[in-house]
Amino acid sequence: ELKVEQNPLFLSMQEGKNYTIYCNYSTTSDRLYWYRQDPGKSLESLFVLLSNGAVKQEGRLMASLDTKARLSTLHITAAVHDLSATYFCAGRNSGGSNYKLTFGKGTLLTVNP
Amino acid sequence: AAGVIQSPRHLIKEKRETATLKCYPIPRHDTVYWYQQGPGQDPQFLISFYEKMQSDKGSIPDRFSAQQFSDYHSELNMSSLELGDSALYFCASSLRRRQNTGELFFGEGSRLTVL
């Protein structure tokens, strides 16, 4: 069964600083997803990473995937308060008929002025 | 663009009561998923349906059941409610085709409070 681990689980940043959230997964996952969740709200899809070496960027966020290391990263550049949220990575078991996503515990990001 | 619609958005029940949540997937999506998210927790997979047939089952209690209807909407039925069932319940839908990204699109969630 796929296991997904994120770290850190809590991240307090100053505005303007850079930081990286790490996502490790236990078995072969053919794709990796990043979602954002504001308190009590829905899960908003940020990135879908479909292959080894994939890199995607949107604004101050950049996600990458290394399938050999079973690692994905979410890099935050020059953080702003609006980025405060919980970020989840999720994997999907490759092969078979298993299409559900397995989520990590999430990283609660707080960006302070 | 149409999104996943869930109802009700909020529900308050007493212990041992029954609750039903509804989900209307994005049009033409063929797979529906139900997730449960406790306070401060990650979403936990409950059950999924592909083309109206149950396709996968996760940590869903025996007190819960779900089905997908001919119009593709899905319902999650929860009986003998317990305090621990208080959570956000998300429905998500996706399009299961080989070239598709497999991305799940989530509804706004139904917040169940059991008193």
Side-chain angles (χ1 to χ4, degrees), chain A residues 1-10 21 23-25 28-51 54 56 58 63 65 72 85-110, chain B residues 1 3-6 9-10 23 25-26 29-51 53-60 66 86-113:
Chain A
E1 187 75 13
L2 176 65
K3 292 194 189 317
V4 180
E5 289 189 2
Q6 281 181 243
N7 71 83
L9 298 183
F10 300 93
I21 300 170
C23 175
N24 291 90
Y25 52 95
T28 305
S29 178
D30 64 348
R31 48 199 69 187
L32 201 290
Y33 306 81
W34 285 94
Y35 284 85
R36 168 184 170 142
Q37 186 179 38
D38 292 301
K41 302 294 185 183
S42 181
L43 291 133
E44 174 193 356
S45 178
L46 294 174
F47 300 108
V48 179
L49 303 168
L50 298 177
S51 60
K56 291 201 172 176
E58 182 72 37
L65 178 62
S72 179
T86 299
Y87 293 85
F88 290 97
C89 65
R92 190 183 85 165
N93 282 333
S94 60
S97 60
N98 231 345
Y99 290 85
K100 70 176 185 286
L101 298 189
T102 299
F103 286 82
K105 295 293 183 193
T107 297
L108 176 58
L109 171 65
T110 304
Chain B
V4 176
I5 307 296
Q6 290 188 245
R9 295 290 312 280
H10 301 273
C23 169
I26 292 172
H29 277 194
D30 51 23
T31 309
V32 165
Y33 308 80
W34 286 97
Y35 281 81
Q36 178 192 57
Q37 187 180 31
Q41 304 293 314
D42 53 297
Q44 293 291 315
F45 171 73
L46 293 177
I47 195 166
S48 63
F49 294 87
Y50 170 62
E51 288 291 346
M53 299 288 289
Q54 182 182 308
S55 60
D56 199 0
K57 202 170 182 180
S59 48
I60 183 170
S86 295
L88 256 178
Y89 289 83
F90 286 106
C91 174
S93 72
S94 72
L95 188 59
R96 184 190 292 191
R97 299 231 176 112
R98 188 182 298 177
Q99 268 67 44
N100 192 268
T101 64
E103 188 176 2
L104 267 59
F105 295 87
F106 284 81
E108 293 295 316
S110 293
R111 180 174 294 283
L112 171 66
T113 303

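Below, read A as the first sequence line, B as the second, and so on, with proteins coming before strands; counting in each chain starts at 1. Excluded from the calculations below are hydrogen atoms, water molecules and symmetry mates; all remaining heavy atoms, backbone and side chain alike, are included.
- For the atom pair CG of A:L101 and CG of B:D42, the computed distance is 12.0 Å after rounding to the nearest 0.5 Å.
- Heavy atoms closer than 4.5 Å to chain B are found in both the backbone and the side chain of A:F103.
- Across all non-hydrogen atoms, the minimal contact from B:F45 to A:K100 is CD2-CD, 3.1 Å.
- Ring to ring, B:Y50 and A:Y99 are not that close: their centroids are 6.0 angstrom or more apart.
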Q | From CA spacing to verdict: side chain to side chain contact (heavy atoms under 4.5 Å, CB included), A:L43, B:F90 | A | CA-CA 9 Å; A:L43 291 133; B:F90 286 106; 4.2 Å; yes

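- Of all the heavy atoms in B:T101 and A:L50, the pair that sits closest is O-CD2, 4.0 Å.
- You'll find the side chain of B:P43 stays beyond 4.5 Å of the side chain of A:Y35, heavy atoms only.
- Counting heavy-atom neighbours within 6.0 Å of A:E5 CD, excluding the residue itself, gives a total of 12 or less.
- Annotation for B:G107 and A:S42: closest pair O-OG, 2.6 Å, computed over non-hydrogen atoms.
- Interface residue B:Q37: only side-chain heavy atoms are found under 4.5 Å from chain A.
- Of the residues considered (B:R111, B:E108, B:E103), B:E103 shows the highest number of contacts with chain A, using heavy-atom pairs under 4.5 Å.
- For chain A, the nearby part of B:L88 is the side chain; its heavy atoms alone come within less than 4.5 Å.
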(Q) Evaluate A:Q37 against B:F106 for side chain to side chain contact (heavy atoms under 4.5 Å, CB included), listing each step before the verdict. (A) CA-CA 11 Å; A:Q37 186 179 38; B:F106 284 81; over 6 Å; no

